[in-house]
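Working notes for the structure below.
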Amino acid sequence: MFSRLLRKDHYGYVFIAPFFIIFLVFGLYPIVYSFYLSFTDWDGFGNPTLVGFENYQRLFGDFFFYKSLFNTLLIWGVSVIPQLTVSLVLAVILHEKFVKGKSIFRAVFFFPNIVTAASLGLLVGLIFSWQTGSFNQFLMSLGFIQDPIYWADKPIFMRILVSSILFWQYFGYSMIIYIAGLQGISKDLLEAAEIDGASKVKVFFHITFPLLRPIIIFQVITSIIGGMQIFDQPYTLTDGTGEPDKATLTSVMYLYQTAFTRYQYGYGSAIAFGLFIVIVIFSILSFAITNRKTNTEQIKGRS
């Protein structure tokens with residue numbers, strides 16, 4: 001009876017059509033066309049020439065692809081692991097009732113996320129500039145060094161510098177996500193544990209942390225997807241070279257150099273899909289490991 005009263009006009013399809021049209025034109029079509037280009041040899045002019053799996057065979061033996069992938073994973077690990085840890089600690093502290101000015105601290109910590117990644121890369125590059133950088137001038141004024149240090153020639157330092165930029169930019173965002181998760185935890189559980197005599201530490205590790213596990217899984221997976229696409233910070237910091245010794249050459253930077261600098265669009269598309277497969281594999285592994293820990297804890301709790 002109720003279904004007969006509903007109007008079954010087709011106007012709804014008109015309202016949702018723009019989304020699907022935009023997605024097909026600017027989302028799905030570029031993906032499909034890039035996949036087609038990965039099997040071709042094309043420099044951007046003329047017609048693409050089909051070469052089969054040659055680009056993927058070249059990818060499997062490409063030293064620079066593996067090095068860029070190693071650099072990306074290293075920079076990601078050095079930045080994201082401390083980022084997720086520090087942001088969780090800050091979220092727990094700022095979630096407490098006794099902390100005053102919580103809104104101010106949240107805004108201050110989140111502010112770096114508003115600044116564009118390219119701007120941060122340029123700013124840090126100016127600070128650590130060899131001749132005119134303020135960091136060298138500061139060390140020289142304190143007497144720690146006599147002559148300016150050419151920081152851009154130190155591979156380990158440049159990797160740590162890129163990781164530090166990523167950490168500083170995104171830890172506030174992670175903190176906000178954790179705070180949202182903490183606000184979703186029932187206060188009755190926490191108060192009941194405190195009444196039973198549990199300390200703050202025990203409440204966190206036995207109640208808060210297990211209930212935050214879905215948020216942590218979300219943070220890890222999204223950080224993997226975002227971390228494997230690092231581009232703006234190292235590109236602006238090194239003027240797109242990935243130096244020194246290709247230590248800051250990330251996978252997306254290598255893709256950009258291949259496709260838009262050397263005009264090898266076919267091989268660049270193969271790099272893109274190779275990176276896509278790597279992201280999918282790491283995402284599935286992280287989800288499986290975290291979910292396995294959750295199931296193990298649930299089994300132990302029942303027993």
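For this chain, numbers begin at 1 and follow the sequence in order. Only this structure's heavy atoms are used, side chains among them; waters, hydrogens and symmetry mates stay out. Keep in mind that what you see is a predicted model, and the values were worked out from it rather than measured.
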Under 4.5 Å side-chain linkage, directly or through intermediates, the cluster mates of Trp130
Tyr150
Determine whether Phe105 and Leu90 satisfy the following criterion, side-chain contact (heavy atoms from CB on, under 4.5 Å), listing intermediate values before the conclusion.
CA-CA 10 Å; Phe105 284 108; Leu90 289 175; over 6 Å; no
Who are the ring-ring contact (aromatic ring centres under 6.0 Å, His included) partners of Phe70, not counting sequence neighbours?
none
Is the count of non-hydrogen atoms from other residues, nucleotides or ligands lying under 6.0 Å from Phe53 atom CZ greater than 12?
no
Phe35 and Phe39: aromatic ring centres closer than 6.0 Å?
yes
Under 6.0 Å from the CD atom of Gln146, do we count more than 12 heavy atoms belonging to anything else shown?
no
I'd like to know if the side chain of Trp76 reaches the main chain of Gly226, judged simply by a donor and an acceptor atom lying under 3.5 Å from each other, with no hydrogens or angles considered.
no
Check the angle between the aromatic planes of Tyr254 and Tyr267 and answer parallel, tilted or perpendicular using the 30° and 60° thresholds.
perpendicular
Expected output: side-chain Gln229 to main-chain Val252 donor-acceptor under 3.5 Å:
no
Could you check Leu166, Ile160, Ile165 and say which one makes a side chain to side chain contact (heavy atoms under 4.5 Å, CB included) with Ile75?
Leu166
Whether over 12 other heavy atoms sit under 6.0 Å from Ile156 CD1
no
Whether Phe260 and Tyr256 hold their rings parallel, tilted or perpendicular, with breakpoints at 30° and 60°
tilted
Quick one: does Leu88's side chain get under 4.5 Å of Phe209's, heavy atoms only?
yes
Does Tyr66 use its side chain to pair, donor to acceptor, with the backbone of Phe60 at less than 3.5 Å?
yes
Verify, without hydrogens or angle tests, whether Thr248 (side chain) and Glu243 (backbone) share a donor-acceptor contact under 3.5 angstrom.
yes
Is there a donor-acceptor pair closer than 3.5 Å between any side-chain N or O of Thr261 and the backbone N or O of Thr258?
no
Backbone N or O of Ser251 within a donor-acceptor pair of the Thr72 side chain at under 3.5 Å?
yes
Is there a donor-acceptor contact under 3.5 Å from the side chain of Asp232 to the main chain of Thr116?
no
Got a donor-acceptor contact below 3.5 angstrom from the Asn136 side chain to the Ile149 backbone?
yes
Please say which of Ile230, Thr238, Thr241 ends up in a side chain to side chain contact (heavy atoms under 4.5 Å, CB included) with Met253.
Thr238
Looking at Ser129 and Leu126, would you say the former's side chain and the latter's main chain have a donor-acceptor pair under 3.5 Å?
no
Checking Asn71 side chain against Leu249 main chain: does a donor-acceptor pair fall under 3.5 Å?
yes
Which residues share a ring-ring contact (aromatic ring centres under 6.0 Å, His included) with Phe65, sequence neighbours left out:
none
